[in-house]
Amino acid sequence: MGTIGALSSTGRQGRGVVDRGAAARYVLGRRTPDGGYSFYRTPSWGVEEPNAPDTLAALESLRVVGVDVPEPRETTGWLRSLQDHEGGFATLTIGWAALRALDVLRATPPLSPEGWLHRVVETVSRPDVERSWRGALVDALHLLEIDELAFVGRPLATSFVAGLLEAAREPDGGWARPGADLATTAVAMRLAHLAHLDAGEQDVVARYVQRCEDASLGLRLSPDAAATSAGALCGGLTILGSTGLSGRFLGAVARQLVLLQGSDGGFAARHRGLSTLQDTWRGLEAARLLEELLEARP
């Protein structure tokens with residue numbers, strides 16, 4: 001990997017959709033003395049509170065822009081400290097982010113997480129019907145993404161995924177009830193892929209993403225929405241690529257990504273919103289996917 005200086009003088013590469021140099025500087029500025037990252041880090045106020053999801057987002061963002069992780073040993077040590085003496089984590093979200101971040105750093109956790117994972121799968125496979133179906137899909141995806149990591153041995157039982165996807169699906173082909181959206185539909189498609197349940201879904205999802213395309217917004221939050229977001233753009237581009245669609249309004253998508261990048265270099269969920277590390281990861285990943293689609297055009 002390179003450094004920020006290896007980027008062009010304007011910080012732009014490829015088709016110049018976003019300023020990668022500015023994004024890298026934003027991410028590096030979110031690093032705390034412990035080695036973790038926090039989007040709301042404010043040293044002048046004494047706020048140094050790293051968390052696992054932000055740290056994963058920071059590492060993935062740096063990987064997208066091709067910038068080395070500073071002091072990786074410190075970050076590895078902080079991530080390892082999140083695991084308890086039995087190999088578990090406080091929550092599935094923390095465990096998912098910490099383990100994936102360690103994988104980005106080519107490191108392993110101090111203890112095997114397998115016992116904890118097999119306990120968590122029991123909860124994830126029986127989601128609370130009162131909770132968000134989107135949350136249930138995200139939890140299942142996190143579990144399967146952990147299961148894909150090289151340092152996890154015994155495969156998890158994933159037979160519950162087919163029933164979860166069916167229960168959370170809206171009649172129009174999107175996910176998740178009540179009220180499907182593009183970002184969650186991308187989560188469902190990724191989940192189906194990891195569970196080897198792709199057959200018969202591509203055409204339905206392709207029609208859904210086409211209904212979300214828009215000449216001004218590029219990709220809407222949902223077919224009837226009048227807004228977009230970093231998650232919708234990233235999710236929609238992911239679906240376009242996986243279904244073989246070229247996208248009708250990629251120029252509008254590019255304009256929206258530029259609007260989502262703030263003066264600090266980070267990305268917000270919405271135009272003029274607060275930059276966060278997780279939305280920066282989504283924005284940079286969306287820009288990467290967009291450039292791949294543009295380059296694939298004749």
Side-chain angles (χ1 to χ4, degrees), residues 92-93 96 121 123-145 147 157-250 252-253 256 260 269-271 273 278-279 281-283 285-286 289-290 293:
L92 172 58
T93 299
W96 162 77
V121 75
T123 301
V124 175
S125 64
R126 297 192 299 271
D128 185 349
V129 294
E130 297 298 324
R131 61 176 294 184
S132 161
W133 280 108
R134 183 184 192 283
L137 291 173
V138 169
D139 281 353
L141 178 58
H142 285 176
L143 196 65
L144 267 63
E145 286 187 339
D147 198 36
T158 59
S159 57
F160 71 92
V161 174
L164 175 61
L165 287 168
E166 183 61 30
R169 186 174 184 168
E170 285 278 32
D172 65 359
W175 282 267
R177 294 194 296 116
D181 64 82
L182 198 51
T184 306
T185 299
V187 167
M189 289 303 296
R190 169 74 173 154
L191 179 58
H193 172 72
L194 291 180
H196 308 291
L197 298 170
D198 291 9
E201 300 292 344
Q202 295 290 320
D203 290 345
V204 175
V205 176
R207 288 194 294 272
Y208 182 83
V209 72
Q210 287 176 320
R211 292 170 54 214
C212 292
E213 290 186 293
D214 182 86
S216 297
L217 298 173
L219 290 157
R220 296 187 292 261
L221 290 166
S222 62
D224 299 324
T228 191
S229 70
L233 295 174
C234 187
L237 291 167
T238 299
I239 295 171
L240 287 174
S242 67
T243 55
L245 297 172
S246 60
R248 291 178 292 165
F249 305 113
L250 297 187
V253 172
Q256 290 300 319
L260 293 180
R270 306 287 182 91
H271 180 40
Q278 293 180 55
D279 285 308
W281 178 16
R282 295 183 187 104
E285 181 65 11
L289 292 166
L290 174 61
L293 288 171

* Could you state the interatomic distance from OG1 (Thr238) to CE (Met189), rounded to the nearest 0.5 Å? -> 11.0 Å
* Given the rule in the side chain to side chain contact (heavy atoms under 4.5 Å, CB included) test, do Arg207 and Val204 qualify, once you have shown the distances and angles that lead to the verdict? -> CA-CA 5 Å; Arg207 288 194 294 272; Val204 175; 3.6 Å; yes
* Indicate yes or no: does Glu213 engage Arg248 in a salt bridge with an N to O separation below 4.0 Å. => yes
* Asked: For Leu219 and Val209, what are the C-alpha separation, side-chain angles and deciding distance, and is it a side chain to side chain contact (heavy atoms under 4.5 Å, CB included)?
  -> CA-CA 8 Å; Leu219 290 157; Val209 72; 4.2 Å; yes
* To the nearest 0.5 Å, how far apart are CD in Glu166 and CG in Leu197? -> 11.0 Å
* Test side chain to side chain contact (heavy atoms under 4.5 Å, CB included) on Arg190 and Glu145 and set out the steps. => CA-CA 10 Å; Arg190 169 74 173 154; Glu145 286 187 339; 3.3 Å; yes
* Asked: Just how far is it from atom OG of Ser132 to atom CG of Asp139, taken to the nearest 0.5 Å?
  -> 9.5 Å
* To do: Give the minimum heavy-atom separation between Arg134 and Ala176, together with the two atoms involved.
  => N-CB, 3.9 Å
* Asked: What are the two closest non-hydrogen atoms of Ala180 and Ser222, and how far apart are they?
  -> O-CB, 3.5 Å
* Structure fact -> With Thr184 as partner, the option from Leu137, Val138, Leu221 fulfilling side chain to side chain contact (heavy atoms under 4.5 Å, CB included) is Leu137
* Side chains of Phe160 and Pro127 in contact at under 4.5 Å (non-hydrogen atoms) -> no
* So which heavy atom on Ala232 is nearest to which on Ala183, and how close? -> N-CB, 4.2 Å
* Might you point out which heavy atoms bring Ser242 and Gln202 nearest each other, and give the distance in Å? => O-OE1, 3.2 Å
* Asked: Between atom OG1 of Thr228 and atom CG of Leu260, what is the distance when rounded to the nearest 0.5 Å?
  -> 7.0 Å
* Asked: Does the side chain of Tyr208 reach to within under 4.5 Å of the side chain of Leu182, using non-hydrogen atoms?
  -> yes
* Could you tell me which non-hydrogen atom of Asp214 sits nearest to which non-hydrogen atom of Arg220, and how far apart they are? => OD1-NH1, 2.9 Å
* Set of side chain to side chain donor-acceptor pair (under 3.5 Å) partners for Thr185, sequence neighbours left out -> none
* Exceeds 12 heavy-atom contacts within 6.0 angstrom, atom NE2 of His193 -> no
* **Leu141 side, atom CG; Leu92 side, atom CG - distance, nearest 0.5 Å** => 10.0 Å
* What's the spacing between Leu217 CG and Gln256 CD if we round to 0.5 Å? -> 5.0 Å
* To do: Go through the steps for Trp175 and Leu165 under the test side chain to side chain contact (heavy atoms under 4.5 Å, CB included), then give the verdict.
  => CA-CA 8 Å; Trp175 282 267; Leu165 287 168; 4.1 Å; yes
* side chain to side chain contact (heavy atoms under 4.5 Å, CB included) with Leu143: which of Val124, Thr158, Val161, Leu194? -> Val124
* Grab the two heavy atoms, one from Ser216 and one from Ala252, that are nearest each other, plus how far apart they are. => O-CB, 3.7 Å
* Look only at the side chain of Glu170 and the backbone of Gly179, and say whether a donor-acceptor pair between them is shorter than 3.5 Å. => yes
* Is there a side-chain contact between Leu164 and Trp133, using heavy atoms and a 4.5 Å cut-off? -> yes
